[in-house]
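Below: one structure, written as structure tokens.
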Amino acid sequence: MINTGKSSTEQQVVISGSGLFTPPDIISNDELVESFNAYVDKFNQQHEAEIEAGTVTAKAHSSSEFIEKASGIKNRFVMSKAGIVDPNIMQPIFEPIPQDQPSITVQMALTAAKDALAMANKQAADIDLIIFAASGFQRAYPAMAIELQHYLGAQGHAYDMSVACSSATFAISNAADAVKSGSSKVVLVVNPEICSAQLNFKDRDSHFIFGDVCTAVIIESKTTANSAQCYEILDSTLFTQYSNNIRNELGYLTRSEGGALEAEASFFIQHGRKVFKEVLPAVHGLITEQLARFDLQATDLKRLWLHQANINMNNYLAKKLLGRDATEEEAPIILDDYANTASAGSIIAFHLHQDGMESDDLALICSFGAGYSIGSLILKRC
Ligand code: CO8
């Protein structure tokens, strides 16, 4: 018997459905590296004299072998490929969408949300709270969540929130609290991530890391859930600690502070090694303490749906938790196909890798990233 720490009358909250929108375009490591290296050759040629004089540093080639070995990434999906792989552009290009049509991240969210609603056996009109949770938003206001509420035909209220890579787990925790308190009955959490627009494709250290995607989950009371597969949320443990090791400076003060959209600081920047070394012990400590509160061991968990930033990180964490290497089934990896998709990564793994989960099986969704932030959910299959 699991010690849930709950009284028998406390509301049981479940994830009753999940959905995934996968963008149309794929970029392989080879394609990305080819355009990056063409850009580097052109840069070095244009700056030949300064490089020789020592006033400009020559840029180095990227390599597919390095990318796969250091990160586990083989491909990434993106919303707009042509500009990214053009060495003269090196960024995604989007046609502006008229204000009377759904914005691009709302379009992504609509597809993922409908997928999740179908799995949860719910209608859009059943939803009375939408949390639009992502590492970045395409505008400040009106909230993207309210636009989604409008186009989906949902009830109640909606809001945007961000905790970078932990946006999804923090939002699921908020959703569960809203259902427990009775303020909401059926909550939709969506995670539209166009990471490619936040990336500096001219930066060798980070040009390969991210991809685009959108995930969605439905959270409701166990008493209203009528889906074929649902997971009770036994616990959500959240943690944040300030760090500048993953940072993006772009904001509404950028112009006033003399900055520019194209400035390096306006893109994703990280000290990857430091992140690796500092975040892993924190995640391991948090999960171990969380499980101990429920008299559980990591080996009691049938599945670890972990944040997908780096395969070496995931393998290390799973091994440290289990005391042995995890099998592919126990700790699924989606990095090879999707790359790092910020807040959506652990939810993609959850959505795609539920085979073999049976009634009462325990599992974990855990995200970690910028902030630093960690969000860990213990789930039990209904
Ligand atoms: N090709 C070839 N060589 C390269 C390349 C490249 N592309 N890049 C670097 N190298 C070289 C380096 O120059 C270095 O060479 P040398 O040894 O001569 O100095 C060598 O390879 C090793 O470099 P690193 O030490 O940097 O390589 P690592 O093995 O540490 O791998 C990683 C780099 C993959 C970045 C790794 O450190 C990592 O994944 N760390 C964890 C990072 C992490 O988890 N970050 C969380 C990010 S997610 C997040 O928080 C979301 C924020 C919001 C996102 C918003 C969307 C954009």
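In listed order, ligands and their atoms are each counted from 1. Since the model is a prediction, treat every value here as computed from it, not as a measurement.
Against a heavy-atom cut-off of under 4.0 Å, Asn310 is close to the following atoms of ligand 1: 34 (C), 36 (C), 38 (C), 39 (O). Shown in contact with Phe276 at under 4.0 Å from a heavy atom are these atoms of ligand 1, numbered in order with element: 40 (N). For ligand 1, the atoms lying closer than 4.0 Å to a non-hydrogen atom of Met313 are 41 (C), 44 (O).
In this structure, the protein non-hydrogen atom closest to atom 33 (C) of ligand 1 is Phe66 CZ, 4.4 Å. The nearest protein atom to atom 41 (C) of ligand 1, hydrogens excluded, is given as Gly272 O, 3.6 Å; this is a heavy-atom distance. Nearest protein neighbour of atom 45 (N) of ligand 1, counting heavy atoms only, is Gln270 OE1, 2.8 Å. Looking only at protein heavy atoms, the nearest one to atom 12 (C) of ligand 1 is Arg204 NH1, 4.0 Å.
Ring geometry for Phe137 against Phe132 counts as tilted: the plane angle lies between 30° and 60°, on a 0 to 90° scale. Tyr159 and His157 have parallel rings, their planes meeting at less than 30° on a 0 to 90° scale where 60° marks the start of perpendicular.
Taking both residues in full, the closest heavy atoms of Phe201 and Met90 are given as O-CE, 3.1 Å, listed atom of the first, atom of the second, then distance. Residue Trp305 comes nearest to His353 through the heavy atom pair NE1-O, 3.0 Å, listed as atom of the first residue, atom of the second, then distance.
Within a 4.0 Å radius of atom 54 (C) of ligand 1, the protein contributes one or more non-hydrogen atoms. The nearest protein heavy atom to atom 26 (O) of ligand 1 is not closer than 4.0 Å. The nearest protein heavy atom to atom 16 (P) of ligand 1 is not closer than 4.0 Å. Inside a 4.0 Å radius of atom 21 (O) of ligand 1 there is at least one protein heavy atom. Less than 4.0 angstrom separates atom 3 (N) of ligand 1 from at least one non-hydrogen atom of the protein. For atom 7 (N) of ligand 1, the nearest protein heavy atom is under 4.0 Å away.
Residue-level proximity to ligand 1 for Glu193 is absent, since no heavy atom of it falls below 4.0 angstrom. Residue contacts with ligand 1, taken as heavy atom pairs separated by less than 4.0 Å, do not involve Val279 at all.
Qualifying ring pair (Phe, Tyr, Trp, His ring centres under 6.0 Å) partners for Phe36, counting only residues two or more places apart in sequence or in other chains: His207. Applying the salt bridge (charged side-chain N to carboxylate O under 4.0 Å, His left out) criterion to Lys302, with sequence neighbours excluded, gives Asp361.
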request  = Report the C-alpha separation of Asp235 and Gln290 in whole Å, then their side-chain angles, then the decisive distance to 0.1 Å, and conclude whether the side-chain hydrogen bond (donor to acceptor under 3.5 Å, both in side chains) test is met.
outcome  = CA-CA 8 Å; Asp235 182 64; Gln290 182 187 24; 2.8 Å; yes
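Using a cut-off of 4.0 Å between Lys/Arg side-chain N and Asp/Glu carboxylate O, Glu257 and Arg255 are scored as not salt-bridged.
Taking 4.0 Å as the cut-off, Leu199 does not count as a neighbour of ligand 1 on heavy-atom distance.
Among the atoms of Val275, none of the N or O lies under 3.5 angstrom from an N or O of ligand 1. By the 3.5 Å distance cut-off applied to N or O atoms, Arg273 is counted among the residues near ligand 1.
The aromatic ring centroids of Phe350 and Tyr231 lie less than 6.0 Å from each other.
Results of the side-chain hydrogen bond (donor to acceptor under 3.5 Å, both in side chains) test with Ser373 over Ser167, Ser166, Ser162 single out Ser166 as the only residue that passes. Each of Lys122, Lys222, Glu220, Gln229 was evaluated against Ser16; a single residue qualifies, Glu220, per the side-chain hydrogen bond (donor to acceptor under 3.5 Å, both in side chains) test.
Which of Cys165, Gly369, Ser62 comes nearest to atom 52 (C) of ligand 1 through a heavy atom is settled by distance: it is Cys165.
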